[in-house]
> 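Submitted below is the structure of interest, expressed as structure tokens.
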Protein chains: 2
Amino acid sequence: MSVTIKDIAQVSGVSYSTVSKALNDSPLVKPDTKKKILQVAKDLGYTPNFVAKNLVSKKSNTIGLVWPTIEQTALSTLVTEINNQVVKNNYFMMLSINDTNHAVEMFNKFRVDGVIIFEGETPLVKTFESTLPILTYGVANNNPYPIIDVNHRKAIYEAVSYLNNLGHQKISYIGYPSHKDKRQIEKLKGFHVAMDEIGLKTDENSTINTDGLTWFDGYTATKKLLQGPTIPTALISGSYDLSVGILRAVNECKLKVPEDISIISYDNIPQMARLETPLTSVGVPIGELAEKMVNSLLDLINKTNSFPLTEVMEPVITKRGSCSPPADVKADERFS
Amino acid sequence: MSVTIKDIAQVSGVSYSTVSKALNDSPLVKPDTKKKILQVAKDLGYTPNFVAKNLVSKKSNTIGLVWPTIEQTALSTLVTEINNQVVKNNYFMMLSINDTNHAVEMFNKFRVDGVIIFEGETPLVKTFESTLPILTYGVANNNPYPIIDVNHRKAIYEAVSYLNNLGHQKISYIGYPSHKDKRQIEKLKGFHVAMDEIGLKTDENSTINTDGLTWFDGYTATKKLLQGPTIPTALISGSYDLSVGILRAVNECKLKVPEDISIISYDNIPQMARLETPLTSVGVPIGELAEKMVNSLLDLINKTNSFPLTEVMEPVITKRGSCSPPADVKADERFS
DNA sequence: TTGAAAGCGTTACCAC
DNA sequence: GTGGTAACGCTTTCAA
């Protein structure tokens, strides 16, 4: 049985409503009394009961984050960043790694103030009536909830343009366009749109399906590509994890980055700089993204503004020296 | 404003205490009434308010898991497994990735039924009086809370014995014995104890400090080792992530596993079998560990037995073909 | 089999 | 400034 404000009231000889005020640092209570009450609370080892507090105040100061796929580096980083933002705003964050519908149902029962959902493989169905503010992180597409989209399509589009401007013609995209993960599909679309626009043809050598998102999937696919007849001059990787494997394959094939082959990776996270070969990357900087997400959810909770249903964040390219003009262009330049 | 049992009561024309009983499937309410009430609840889109429920029942059916370092593969896997066990027992699980003391304080305020703590870098201090059942996962050592220890020391000890029995003399341990992470220190101790016992000397070539726990740390350290003058015939890796890097380095040095070099890794997780070269590994099988942890915490919560303060689980070796006798022994055998 | 009422630990409002 | 008390949504006696 734990200590309650009534216990504190009894010991310090005041009413428990006064204790409540003191504990909440209300200006309505005399400094002396407050000080005494606080001391007693401490002596008694009082821990506020949030359950009771939340019941009456109808507010939990807590947000829930649904995160069904815990094994992708970039997402882990995003979760960590979101948590920092949440704490900075004096909220708590709870994670659930269950499937989306189960997790949301649970958070709803616990009356968290809001929920962030990482769109996963299970499509998000609006299964229940609720006023629970929900923000999703995924691909905008007449979604039932407000969504933060990071424009995956444009990110890869920009990557292609960037490489092409350097003079690359033989560009391959290495990714995993699973039909279940919209984000991955968008990336591939960006690739096709850009290539079409430039007038470059795409074939099975320019779009490599890794059939998975682990580093090893990236490794296997790239190894196969590089041992084939046509080696591209530039590679676009679909994620950080894939890049780890791509780098390994490139290395084993004795190719130098960027001299022999240029690489640009999706996922704009700090870890890119700490790879054996730091990679130029494209995407929304993770810190910015986290801040946007948390602020948006908080706005949604406090209804401080009419937050648009869809917010698309634009990717930026962060250069880390892994891209240069292709060998032939460099050669040409020597004579020009 | 959400639907409450009073709303249901009004619509179905019964008292709200009857509704409560019906919702809890009490045998005290007539099947007909129950059915009707359930229907009304569904029509109204009722979601039980756990906050209120928990307040009166003093039970949340929820456990909290403190997980400050979310970026280690083996730990992600363990968390996933624990979650499965928790769900199987009809509990909920909430994660916190904050530092231990902050997280426990939060879980305590929310009155979760129990907490599992992954010992991290911050030493665990008993900062508050509380009856909150807490189970830690770490290294047994007059810990303030019940602990599940997986005998890291013995795991590496067994690995050394196993390799030595195969005929290896030149064995290196590759790990990160950071002074802040007891688990890592224990592993190194196991190595030394075993080597001493066998009568093999250890030097800076047999204990490699990776200075980090990512795959790249493993890669760098191993690369350096293999380019040195003395190449061991067998390697013991401190973790799955390190093994990924070790394998890469071994590969780049054109060494074949197990022909040229044997490798055994700590962390008995299924991913070991899916590596490019499946690795024999040692440790407590992750599923078993998760089950033990959840059952122990639940026992602690329900006080069904006097759970010992310390429970040490024994490691097992799972063979996956990455170890064989060293080349010289094999050669000897040919003539014997 | 159903209903009434107390109570869980708080906050918030209204008296004093 | 401080105290009394209703209310939050639910479970759990106890009575009917």
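Below, read A as the first sequence line, B as the second, and so on, with proteins coming before strands; counting in each chain starts at 1.
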> To check you understand the geometry: which heavy-atom pair defines the closest contact between A:L289 and A:I148, and what is its length?
CD1-CG2, 4.0 Å
> Taking 4.0 Å as the cut-off, does a side-chain nitrogen or oxygen of B:T4 come that near to OP1 or OP2 on D:dC8?
no
> Give a yes/no answer on whether the side chain of A:K58 brings an N or O atom under 4.0 Å of OP1 or OP2 in D:dG9.
yes
> What string of B, S and - do you get for nucleotides 11-16 of chain C, 5' to 3', if B is base contact, S is sugar-phosphate-only contact and - is no contact with any protein heavy atom under 4.0 Å?
BBB---
> Quick check on C:dG3: is either OP1 or OP2 less than 4.0 Å from any side-chain nitrogen or oxygen of B:S15?
yes
> Write down the distance between CG (B:L28) and P (C:dG3), rounded to a whole number of angstrom.
13 Å
> Could you tell me how far apart A:I37 (CD1) and D:dT2 (C1') are, to the nearest whole angstrom?
10 Å
> How would you label the contact of B:V51 with the nucleic acid (heavy atoms, under 4.0 Å): base, sugar-phosphate, or nothing?
nothing
> State, yes or no, whether a side-chain contact exists between B:I147 and B:E119 at a heavy-atom distance under 4.5 Å.
yes
> Heavy atoms only, 4.0 Å cut-off, all strands: where does A:Y46 land among base, sugar-phosphate and nothing?
sugar-phosphate
> Axis-to-axis angle across the helix from C:dT1-D:dA16 to C:dC16-D:dG1, five pairs an end, to 10 degrees?
40°
> Sequence neighbours excluded, which residues qualify as side-chain contact (heavy atoms from CB on, under 4.5 Å) partners of A:A52?
A:N49, B:L55
> Just checking A:K6: base, sugar-phosphate only, or nothing, at a heavy-atom cut-off of under 4.0 Å?
base
> Residues in side-chain hydrogen bond (donor to acceptor under 3.5 Å, both in side chains) with B:T80, at least two apart?
none
> Using atom CG of A:N54 as one end and atom C1' of C:dG9 as the other, report the distance to the nearest whole Å.
11 Å
> Kindly check if the number of other-residue, nucleotide or ligand heavy atoms within 6.0 Å of NZ (A:K59) is above 12?
yes
> Under the rule for ring pair (Phe, Tyr, Trp, His ring centres under 6.0 Å), what residues qualify as partners of A:F107, not counting sequence neighbours?
none
> Rounded to whole angstrom units, what separation is found between the CG atom of A:L55 and the P atom of D:dT11?
12 Å
> Taking atom P of C:dT10 as reference, at what distance in whole Å does atom CZ of A:R111 sit?
20 Å
> Backbone N or O of A:I37 within a donor-acceptor pair of the A:S12 side chain at under 3.5 Å?
no
> Quick one: A:D7 CG to C:dC8 C1', roughly how many Å, whole number?
13 Å
> Examine distances only and state if a side-chain atom of A:D113 and a backbone atom of A:S60 form a donor-acceptor pair shorter than 3.5 Å.
yes
> What is the distance, rounded to the nearest whole Å, between atom CZ of B:F50 and atom P of D:dT11?
10 Å
> For B:F50, give me all partners under ring pair (Phe, Tyr, Trp, His ring centres under 6.0 Å), at least two apart in sequence or on another chain.
A:F110, B:F92
